[in-house]
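Notes follow the structure.
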Amino acid sequence: MAKYTVLKFGGTSMGDEHTWKRVLDITARYERPWVVVSATARTTRRLIAAAESAATDPVKARDMAEEIDARHRKLITGFMDEYAVDGPSSSREKEQEACLGHLDRLSEILLGHLDAIREAGSLDDRTRDAVASIGERLSSRLLASCARAAGMQAQWVDARELIRTDDRFGGASPDLPFIRSAVSELLERWRGKAIPVMGGYYGQTANGNLTNLGFEGSDYTASLIGASLPCEAVEIWTDVSGVYTCDPRVVEGARPIPALSFREATELAWFGAKVLHPSTLKPASARNLTVRVKNIFEPEAPGTRITGDTTSDGLVKAMAYKERSALDDGPELKRLSEELQELGEAGLRRGVGVIGLVGCDPARQKELVERLRRALGDIKLETLSYSSTKRNLNLVVEAGHTVEAVRRLHEELFEG
Ligand code: ADP
Ligand code: MG
C-alpha cells in the first residue's frame, strides 16, 4: 500500500473558503494524504486575547468570541454556497448542519471558559491552553465536514487521541512512543479510505488536560504524525514557496532555497525564521523523512526539500534574525540564551539584534567575514562568532539597526 504523505496547512492557508478549497484540491492530488491544519488566520491570537481580558473586561472578551464565531459561520456558508458539490443535496445540507453544530458547541465551550475565568478573577495556565486549542479543534472539524460536502471522503481525528504530552502548559513536550502506538491503533481501527483530518498544535496530558506544543506548533504535530506512520514525506504548506534565503516579507530580494539539511533548517528556525517551528525537524530527521515546504498559492513551484543530506554550495545558504531578542526578562530570554549557546558562542545582550547565517562554507570563512564587514558599513557590529562546525555564523548588532543590517548583508551575500 502507498505510504502516507502528511500535509500541514498553516493559518494563512486556512484563511477563508477560497483557501480551504485550495487546501482540498491539493489534498486530492495525493494517493494517501494525512491532513494536519492550523486554526484559521488570527484565531489563536484572538482566543488568547479573549481569555486574557475575560477577568477584567468580560464584555470585550465576549465580543472577541462572537467575532470568531461569526467569521467561521461566514466561512462555512461561503464554502457551502460556492464549493459544495451538487450530489445528493442532502449530504451538503447534512454537512452544513454538522458544521453549524460543531461551531455552536465550540463557541459554547469558549464562552464557558470565559465565564469561568471571570468568576475566578484570573486566568490560569491550564485554562489558557484549553482556550487556545479551540481554534484547531474548530478548523479541523469544519474542514473535514467541508471536504465531505465537496465530495471527498474525509474523517476528523481528534488530536487529543493521538498527541499525548506532558503537562508543561504553553509549550508541552510530546510523548512520541505514545503517539506512535496511538497512531498504529487508529490505522488498525480505520482501515478505511477516508482521509484523516486533524488539528495541529494541541494535545492532551494523561489526565485529560488540553495542552499545546507551543506557538506555531502545528508544524511539529505534522512531523510527529509523519514519524508515527508509514510515511513518504511531511509537507508544510504555507503562503511562500519554500524556505527563503531570508524572510521574504522583510527582504525583497529573498529567494527560495531548493535544498537544506535538517540541521540547517533547524538552525534557521532557531535563529528566527518563522516558516518552521524549530522542533519540527527532530522527529522527521530521526526517521529520515523528507520534509518539503510548499506554497498553496503556487503549488507547482518546487519549494524547499529538507533531508539528511548536506550539500555545500556557495558561501552561505540563508539568514534569519531576532530583533531586540532580549528586551524582557523571563523564561523566553533564558530559553533563547540556552538555544544560542548550543549553536555557538554567542553571548546575549539586552536591546540587540541577533542575525544568524547558516550553511556557511567553512573553507571560505575569511572571505565571508570580509564581505559582511564591508556590507555592514557604518552599522556597528557588537560581536561575531562562528559555531564550532564553522557552518553557522552569528552577528550581534544594535537592535535599532537589525533590519537594515539584514538587508545590507542579504544584498551583499545573495543578490550579487
Ligand atoms: P503558516 O501560517 O503557514 O504556518 P507562517 O506565517 O508561520 O505560515 O510562516 C510563513 C511565513 O514565514 C512567511 O509568510 C514569511 O513571511 C515568514 N518567513 C520568515 N522567514 C522565512 C524564510 N526564511 N523563508 C520563508 N518564509 C519565512
Ligand atoms: Mg507557521
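Counting convention: from 1, in listed order, for ligands and their atoms alike.
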Self-check item: side chain to side chain donor-acceptor pair (under 3.5 Å) evaluation trace for Thr211 with Arg168
Solution: CA-CA 8 Å; Thr211 52; Arg168 240 189 312 153; over 6 Å; no
Among all protein heavy atoms, pick the one closest to [atom] and tell me residue, atom and distance.
atom: atom 25 (C) of ligand 1; result: Gly242 O, 3.4 Å
atom: atom 23 (N) of ligand 1; result: Tyr244 O, 3.1 Å
atom: atom 11 (C) of ligand 1; result: Asp239 OD1, 4.0 Å
atom: atom 6 (O) of ligand 1; result: Lys274 NZ, 2.4 Å
atom: atom 2 (O) of ligand 1; result: Gly11 N, 2.9 Å
atom: atom 8 (O) of ligand 1; result: Thr238 OG1, 3.1 Å
atom: atom 4 (O) of ligand 1; result: Lys8 NZ, 3.1 Å
atom: atom 7 (O) of ligand 1; result: Glu216 OE1, 2.7 Å

Quiz item: Does Gln365 reach the side chain of Cys360, with side-chain heavy atoms less than 4.5 Å apart?
Solution: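 A side-chain contact is absent here, since even the closest heavy-atom pair is not under 4.5 Å.
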Exercise. Would you mind reporting whether Arg42 and Arg71 have side-chain heavy atoms less than 4.5 Å apart?
Key: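 Arg71 reaches Arg42 side chain to side chain.
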Practice problem: Would you mind telling me if ligand 1 is within reach of the side chain of Ala320, the backbone, both or neither, using heavy atoms under 4.0 Å? | Solution: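 Near ligand 1, Ala320 shows nothing, with every heavy atom at 4.0 Å or more.
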Self-check item: Under-4.0 Å heavy-atom contact with ligand 1, by part of Asp247 that carries it
Solution: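 The answer is both.
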Distance-only side-chain donor-acceptor flag, [X] / [Y], under 3.5 Å:
X: Glu235; Y: Tyr30; result: yes
X: His410; Y: Arg407; result: no
X: Asn212; Y: Tyr202; result: no
X: Thr127; Y: Asp124; result: yes
X: Thr56; Y: Ser53; result: no

Is the closest heavy-atom distance from [X] to ligand 1 below 4.0 Å?
X: Ser38; answer: no
X: Met319; answer: no
X: Ala318; answer: no
X: Ser13; answer: no

Proximal atoms of ligand 1 relative to [X] (non-hydrogen, under 4.0 Å):
X: Val243; result: 24 (N)
X: Val240; result: 13 (C), 14 (O), 25 (C), 26 (N)
X: Ala273; result: 20 (N), 23 (N)
X: Gly10; result: 1 (P), 2 (O), 3 (O), 4 (O)

Quiz prompt | Side chain Glu411, main chain Arg408, donor-acceptor under 3.5 Å | solution =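 No; judged by distance alone, with no hydrogens or angles, the pair does not exist.
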Quiz item: Charged N to carboxylate O below 4.0 Å: is that the case for Glu52 and Lys60?
Solution: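 No salt bridge links Glu52 with Lys60.
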Quiz item: How many angstroms lie between CG in Leu143 and CG in Leu75, if you round to the nearest 0.5 Å?
Solution: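 Rounded to the nearest 0.5 Å, the CG-CG separation comes out at 9.5 Å.
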Practice problem: Would you please classify the geometry between the His277 ring and the Tyr220 ring as parallel, tilted or perpendicular, with 30° and 60° separating the classes? | Solution: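 Tyr220 vs His277 ring planes: parallel.
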Exercise. Examine all N, O or S atoms of Asp219, backbone included, and report whether one is under 2.8 Å from the Mg ion (ligand 2).
Key: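 No - counting backbone and side chain alike, Asp219 has no N, O or S atom under 2.8 Å.
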Quiz prompt | Worked verdict on Trp34 versus Thr5 for side chain to side chain donor-acceptor pair (under 3.5 Å) | solution = CA-CA 6 Å; Trp34 180 302; Thr5 310; over 6 Å; no
Quiz prompt | Arg249 N/O to ligand 1 N/O under 3.5 Å | solution =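 Yes; at least one N/O pair falls below 3.5 Å.
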Practice problem: Could you tell me which N, O or S atom of Glu216 is nearest to the Mg ion (ligand 2)? | Solution: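 Result: OE1.
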